[in-house]
Each structure stands twice: as structure tokens, then as C-alpha cells.
Number of protein chains: 2
Amino acid sequence: MRADARKNHDHLLDVAREVVAEQGADASLRDIARRAGVGLGTLYRHFPRREVLLEALLRVRFDELTAKAGELQGSASAGEALTAWLREAVAVAHGYSGAIESMVAAIADPDSALHASCQTMRAAGTSLLVRAQESGAARKDMDGTDLFGLLGALAWLRDQPSLAPKADHLFDVIAGAILARE
Amino acid sequence: MRADARKNHDHLLDVAREVVAEQGADASLRDIARRAGVGLGTLYRHFPRREVLLEALLRVRFDELTAKAGELQGSASAGEALTAWLREAVAVAHGYSGAIESMVAAIADPDSALHASCQTMRAAGTSLLVRAQESGAARKDMDGTDLFGLLGALAWLRDQPSLAPKADHLFDVIAGAILARE
DNA sequence: ACCTGAACACCGTTCAAGT
DNA sequence: ACCTGAACACCGTTCAAGT
């Protein structure tokens, strides 16, 4: 990549992260280009679809979540490890509100720019789920896709301003449902 | 209301229900007016904000849900009654996909056209929740707003095409979380 | 190679002009 | 009273013209 292109690319990502944090994942692309001081066509050259931009923004976070899952694998309680990771994943999604919808859609669409990233993330969660299931901490009638679905529901709840006072409690209720009943 | 106005009003509602069923709650208002064979200004005269139109569409369903809650009050198992009502409510919301977001927002916004309807619906759910709690069938650390939040999460899940194969199972997982642990 | 911005086809919303 | 559709300010997306 040419030096000026690289510079535009990186700057667009910085600005996009900022605007998406403010306005959500469906923020105006025109606005992003404007605030980056770049032509609209330049944004499209680097990120031909909105998903491609989102993927570039989320990849870093997904890598962090995968690393976190690795750490938690070694922790004492398999159940707590799963819950802690889920809490982290919800927080990440909330930093890009509305993105969870694209993520859930991408898991079943191999053509989506987000597909690979989301699969990686699901795999990270699955590893923690499986360990929790083997240790008897998590219910056994769930797979990684179910976990991803519940993550979606939790992230959606966290994105609703009117439910903010209830967000933590609702997290406990749903996350608690994954843990095995005696 | 003048006879011609009444006719436009009712016809707009019929067409809107159709278009919203096809395209979701964020369907194009222009499209609705066009398909109703009516000027765009006429739609706005009858339904000045999208929420007002949505409210008109949903009111009928909400009334049905309230009636259903009344019937279920008399059923044998308080836990099953709550679950059955929740299933019904999710199905209703799914008939207007995307509307659940406005509904959840409206519950905390007295200025919303949907506010009263959503409060009524929450009350219907609350009555079933309270009975289930009193009979020991439901966990006691939840109120009607929590139930409404879970309904939102369930409706959101049902609206995601990629999770369709998992929808019933995820409903059981989340709805099951409301029922009391032994 | 890469960038720009006009152009196109859409929105939601308002409002002067008509009947 | 009520209806109409042009007008305005926005979108996402494409692409000819520039450097």
C-alpha cells in the first residue's frame, strides 16, 4: 500500500472508532469520511462495505477476547470463567452498539466480512463452555452457537438505554441459566 | 372524522400491517403511502410519527395479550401460564420485527405514543409473574420490568434469521431462567 | 494507485397549494 | 377538513474525472 493510502486507511479507522462509539454501528459513513477529512470515495475504496469497516474495528477486540478466553481456561472455576468471559464479550459489543446484529447474521453467512472473526470468537467461547460442561458447571444441552445467541441477547439488552438500571441483573439471570442446575 | 378521512385511515392501517409484516417495523413510510394509493402527507396527517402508526398496529395485539393473560390467570400451573403467555408475546412481537426496540424504549418514555400500550402489556405480564412467584414457581428477584426486558431479548432472538433453528431452544433456556430453582 | 466529489436513487419530514 | 406532491436535508453507493 502506498504511504498516503496507508495513512488514510489508519486515520479512517481511528475516526470510525470514535464516531461508532458515539452514534453506534449504523453511524453515517458520510460523517466518518467528513470527520476524517477525506473524500467519500476514499472510505469506500478502503472499506467497500460497512461490514468490512466494522470487521476492521472489531478484529482487535476479538483478538483480545480470544486471549482472555485462553487466560480463563487456566482459572479455578470453569463456571466463573465462562461467566467472566461472557461479561467481557458483552462489554466489547456494547462499545459498538448495534453491531451485535451484524455479528449474529454473519455467523451463518460465509460471504460476510465478519464471518471468520465471529467464528473465531464463537470458538473462544465454546472452549470455555465445553470445559464448564465437562466439570459439571454448565448445562449440557447447549453448544457454541447457543452461547453466541445468548451473547447476542445480552448485548442487545445492554444496548437499550431504558434498561440500563436492569442490565446487570438481567445479565445475571441469563448468564445464570447457562450454569447447571443441581 | 370525515368519511373520506376515515376510509384513508383504515386503509392505511391495513396496508401498513401488510408492509410491516414483510419489511419489519422500519419499513418505508413512502412505500406504505404509495401502496395505499394515498399522498405521503395523508399518512403523516393520520400518523404524525412512526410510533403513532406502530401503536395503532400493535394496540389490537396488546389487547389480545391482555385478554390471554386474564384467561391464563385461571389455569392450573402458574409457571406454565407465565411461560405460555411469554411465548405468545414473543410471537406477537415477531409479527412486527424490530418493533420490540421501540417498545422497550417506550416503557421509560412517557412522551412516547407507545408508552401507555406497553405499560398495559407489562402489567398483564406482571400479574402472571406475581402469581407464579407467590406459588413458588418463579424466582422472586424479578419484577415486571425485568420480565419485559427478557421478553425484549426473546423477541430480538426470534427476529434473527440466522438463529431460527435455535429459537425454540433459546426460548426454553431464557424462559426457564425465570422459573424458580429447587 | 489513489483520491475526489458529483450523480443517482432512495429516505423522513414539512408545508404551500389545492379541493 | 382534508389531500397532494414538491421541497429540503439527509442517506448509501457508484463512477467519471482528476493527480
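Proteins come first, then strands; the chains are lettered A, B, ... in the order of their sequence lines, and each starts at number 1.
Across all strands, L29(A) comes closer than 4.0 Å only to sugar-phosphate atoms, never to a base (heavy-atom distances). Within the 4.0 angstrom heavy-atom criterion, only backbone atoms of the sugar-phosphate kind lie near H46(A); the bases stay farther away. Among the protein residues, T42(A) comes within range of the nucleic acid bases, having at least one heavy atom under 4.0 Å from a base atom. Within the nucleic acid shown, A33(B) has no heavy atom closer than 4.0 Å to any nucleic acid atom. Using a 4.0 Å heavy-atom distance criterion, A3(B) is classed as making no nucleic acid contact.
Atom CG in L53(A) sits roughly 11 Å away from atom P in dG12(D) (whole-Å rounding). R50(A) places its CZ atom 7 Å from the P atom of dT13(D), with the value rounded to the nearest Å. dC10(D) atom C1' lies 13 Å from atom CD of Q23(A), rounded to whole Å. With rounding to whole Å, Y44(A) atom OH is found 18 Å from dA7(C) atom P. Going from atom CZ of R2(A) over to atom C1' of dT19(D) covers 9 Å, rounded to whole Å. Rounded to whole Å, the distance from CZ on R45(B) to C1' on dG5(D) is 15 Å. For the pair R49(B) CZ and dT14(C) C1', the interatomic distance rounds to 15 Å; values are reported in whole Å. Nucleotide dG5(C) holds its P atom 14 Å from the CG atom of L43(A), rounded to whole Å.
Side-chain N/O atoms of R30(B) and base N/O atoms of dG12(C) include a donor-acceptor pair closer than 3.5 Å.
Between V15(B) and the choices V19(B), L13(B), L12(B), the side chain to side chain contact (heavy atoms under 4.5 Å, CB included) rule is met once, by V19(B).
The side chain of S28(B) contributes no N or O atom lying less than 4.0 Å from OP1 or OP2 of dC10(C).
When both distances must be under 3.5 Å, the Watson-Crick or G-U wobble mate of dC11(C) does not exist. Pair check for dA17(C) finds none; no Watson-Crick or G-U wobble contact set falls under 3.5 Å.
Residues E134(A) and R131(A) are not paired through a salt bridge, judged by the lack of any N-O separation under 4.0 Å between the basic side chain and the carboxylate. Salt bridge status for D143(B) with K166(A): present, with a side-chain N to carboxylate O gap under 4.0 Å. Using a cut-off of 4.0 Å between Lys/Arg side-chain N and Asp/Glu carboxylate O, R59(B) and E55(B) are scored as salt-bridged.
Candidate nucleotides dA1(C), dC2(D), dG12(D) were compared by shortest atom distance to the side chain of A5(B), and dC2(D) ranks first. The side chain of N8(A) lies closest to dC3(C), out of dT14(C), dC3(C), dC3(D). Comparing atom distances between the D4(B) side chain and each of dC2(D), dT13(D), dT13(C) picks out dC2(D) as nearest. Listed nucleotides: dG12(D), dC2(D), dC11(C). Nearest to the side chain of R34(B): dC11(C).
If you find the closest nucleotide of DNA chain D to G41(B) and to M1(B), the one lying nearer the 5' end belongs to M1(B). Along DNA chain C, the nucleotide nearest to P48(B) and the one nearest to G37(A) differ in position, and the one closer to the 5' end is contacted by G37(A).
Residues A106(A) and L114(A) approach most closely at CB-CB, 3.6 Å, considering heavy atoms.
Proximity of T145(A) to T126(A): side-chain heavy atoms (C-beta onward) are nowhere separated by under 4.5 Å.
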